[in-house]
Amino acid sequence: MSALANKETPSIVASAKPAAKILSFSGKQGSRFDFRRAALTALHNIVPPAVVLALVLILWQVLCSSADASLPSPHQVWQDSSDLIAYPFFNYGSQDIGLGWRVLVSLQRVAYGFGLAAVTGIIIGAIIGQSVWAMRGLDPIFQVLRTVPPLAWLPLSLAAFQDSNPSAIFVIFITSIWPVIINTAVGVRNIPQDYRNVAEVLRLNQFEFFWKIMLPSAAPYIFTGLRIGVGLSWLAIVAAEMLTGGVGIGFFIWDAWNSSRLPDIIVALAYIGIVGFILDKLVAALGKLVTRGAMAN
């Protein structure tokens with residue numbers, strides 16, 4: 001009996017060793033696969049834009065390198081405005097500050113105007129989406145008002161507030177609120193009837209229905225409107241600051257134009273584009289997190 005046990009025991013141990021090796025090997029393969037996949041994803045997302053940007057810079061350098069060119073070349077932009085690129089947060093006085101500080105001032109105004117537009121637009125859109133008569137009465141008016149250019153509201157806001165800062169915030173608010181209202185109303189009207197029936201069975205009040213049923217169901221549409229609205233907000237503040245003054249990025253562009261500093265304008269445009277891209281991606285990422293990847297149709 002003991003001899004039989006001694007014969008069987010090595011076979012069991014021998015059969016267990018390859019299994020342990022296989023488990024260890026599969027784990028290494030999984031980690032290698034994840035790393036390779038992440039590297040490929042990064043390459044797919046970084047390499048194509050980098051190649052296109054390099055080609056654009058080369059073409060720009062070739063077209064604007066002559067002495068009679070009306071626009072500065074990339075090399076000239078770097079020579080004349082390298083301090084704005086390398087040191088965005090210098091501060092030598094009230095108007096002699098880096099573009100980083102100017103962008104922060106503009107973003108503060110955008111935060112006030114767009115935040116107010118987001119809250120107000122979601123509430124108004126929810127009310128309109130719940131009422132057919134409100135939709136029929138207000139939707140044509142909103143469709144007309146949303147086509148008014150941002151700067152067309154500036155004279156009225158200056159006359160009403162008698163100050164440039166609240167006027168700029170109002171321009172942001174009135175420009176970005178329309179896509180939030182419209183998309184929220186569409187999202188509320190597309191809530192499945194089954195959800196409404198469940199709310200009636202559970203006897204939810206209006207606040208509970210708004211918080212537990214309406215907002216989660218319409219969230220993909222709401223964040224679509226917010227994503228459009230934040231882009232319009234950034235466009236509106238740059239345009240408004242060109243006329244209202246101050247230390248924002250928009251006034252810097254206008255002041256650089258008056259001083260014939262074209263390289264500074266090009267650098268400021270790059271800042272504006274990068275910040276706008278980041279704002280769009282932040283709202284999109286927040287929407288993806290809240291809606292768990294759902295998209296509005």
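Looking at Pro179 and Leu232, their side chains come closer than 4.5 Å, going by heavy atoms from C-beta outward. Using a 4.5 Å heavy-atom cutoff, the side chains of Phe209 and Arg196 are in contact. In this structure, Leu154 and Phe170 have side chains that are not in contact, with every pair of non-hydrogen atoms separated by 4.5 Å or more. For the pair Ile182 and Arg146, the minimum side-chain heavy-atom distance is below 4.5 Å.
The structure places CG of Leu99 at 9.5 Å from CD1 of Ile85, a figure rounded to the nearest 0.5 Å. Atom CD1 of residue Ile181 and atom CZ of residue Phe142 lie 4.5 Å apart, to the nearest 0.5 angstrom. The CZ atom of Arg102 lies 4.5 Å from the CD1 atom of Ile97; values are rounded to the nearest 0.5 Å. To the nearest 0.5 Å, atoms CG (Leu151) and OG1 (Thr244) are separated by 9.5 Å. The OG atom of Ser164 sits 11.0 Å away from atom CG of Leu243, with the distance rounded to the nearest 0.5 Å. Rounding to the nearest 0.5 Å gives a distance of 11.0 Å between CD1 of Ile253 and CG of Asp255.
Among Ile172, Leu116, Thr120, the one residue that satisfies the side chain to side chain contact (heavy atoms under 4.5 Å, CB included) test with Ile177 is Thr120. Each of Ile265, Asp264, Ile266, Asp80 was compared with Pro72 under the side chain to side chain contact (heavy atoms under 4.5 Å, CB included) criterion, and only Ile266 meets it.
Leu145 and Val186 fall into different hydrophobic clusters, defined by Ile, Leu, Val, Met, Phe, Trp and Tyr side-chain heavy atoms under 4.5 Å apart, directly or through other members. Linking ILVMFWY residues whenever their side-chain heavy atoms come closer than 4.5 Å, directly or via other members, leaves Ile228 and Ile272 in distinct clusters. With hydrophobic clusters built from ILVMFWY side chains whose heavy atoms lie under 4.5 angstrom apart, Val180 shares a cluster with Leu279. Residues Val290 and Ile122 share a single hydrophobic cluster, defined by chaining ILVMFWY side chains whose heavy atoms lie under 4.5 Å apart. By the rule that hydrophobic residues join a cluster once side-chain heavy atoms approach within less than 4.5 Å of another member, Leu226 and Ile127 end up as members of separate clusters.
The salt bridge (Lys or Arg N to Asp or Glu O under 4.0 Å) pairs that include a residue from residues 107-133 are Arg109-Glu241, where partners are two or more places apart or lie in different chains. Among residues at least two apart or in separate chains, side-chain hydrogen bond (donor to acceptor under 3.5 Å, both in side chains) pairs with a member in residues 267-285 are Arg227-Asp280.
A pairwise comparison of heavy atoms in Phe161 and Pro166 identifies CB-CG, 4.0 Å as the closest pair. Of all heavy-atom pairs spanning Asp83 and Phe90, the tightest one is O-CE2, 4.4 Å. Heavy atoms only, all atoms of each residue included: Val171 and Ala240 are closest at CG1-CB, 4.4 Å. For the pair Ser73 and Trp60, the tightest heavy-atom approach, listed with the atom from each and the gap, is CA-NE1, 4.0 Å. Here the closest heavy-atom approach between residue Phe114 and residue Ser233 is recorded as CD1-OG, 3.5 Å. The minimum heavy-atom distance between Ala218 and Gly187, with the atom names listed, is CB-C, 3.7 Å.
Heavy-atom contacts from other residues, nucleotides or ligands closer than 6.0 Å to OH of Tyr87 number 12 or fewer.
Between the side chain of Trp254 and the backbone N or O of Gly250 there is no donor-acceptor pair closer than 3.5 Å. A distance-only check finds a donor-acceptor pair linking the side chain of Gln61 to the backbone of His75 [under 3.5 Å]. Judged by distance alone, the side chain of Ser106 and the main-chain N or O of Ile249 form a donor-acceptor pair under 3.5 Å. Under a 3.5 Å cut-off, the side chain of Asn197 and the backbone N or O of Gln193 do form a donor-acceptor pair.
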Test side chain to side chain contact (heavy atoms under 4.5 Å, CB included) applied to Leu107 and Trp234, step by step
CA-CA 8 Å; Leu107 284 176; Trp234 190 237; 3.7 Å; yes

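Using bins of under 30°, 30° to 60° and over 60° for the plane-to-plane angle, the ring pair Trp101/Phe89 lands in the perpendicular bin.
Cation-pi geometry between Arg261 and Phe252 is satisfied (NZ or CZ under 6.0 Å from the ring centre, within 45° of the ring normal).
Applying the side chain to side chain contact (heavy atoms under 4.5 Å, CB included) rule to Ile274 yields the partners Ile278; only residues at least two apart in sequence or on another chain are considered.
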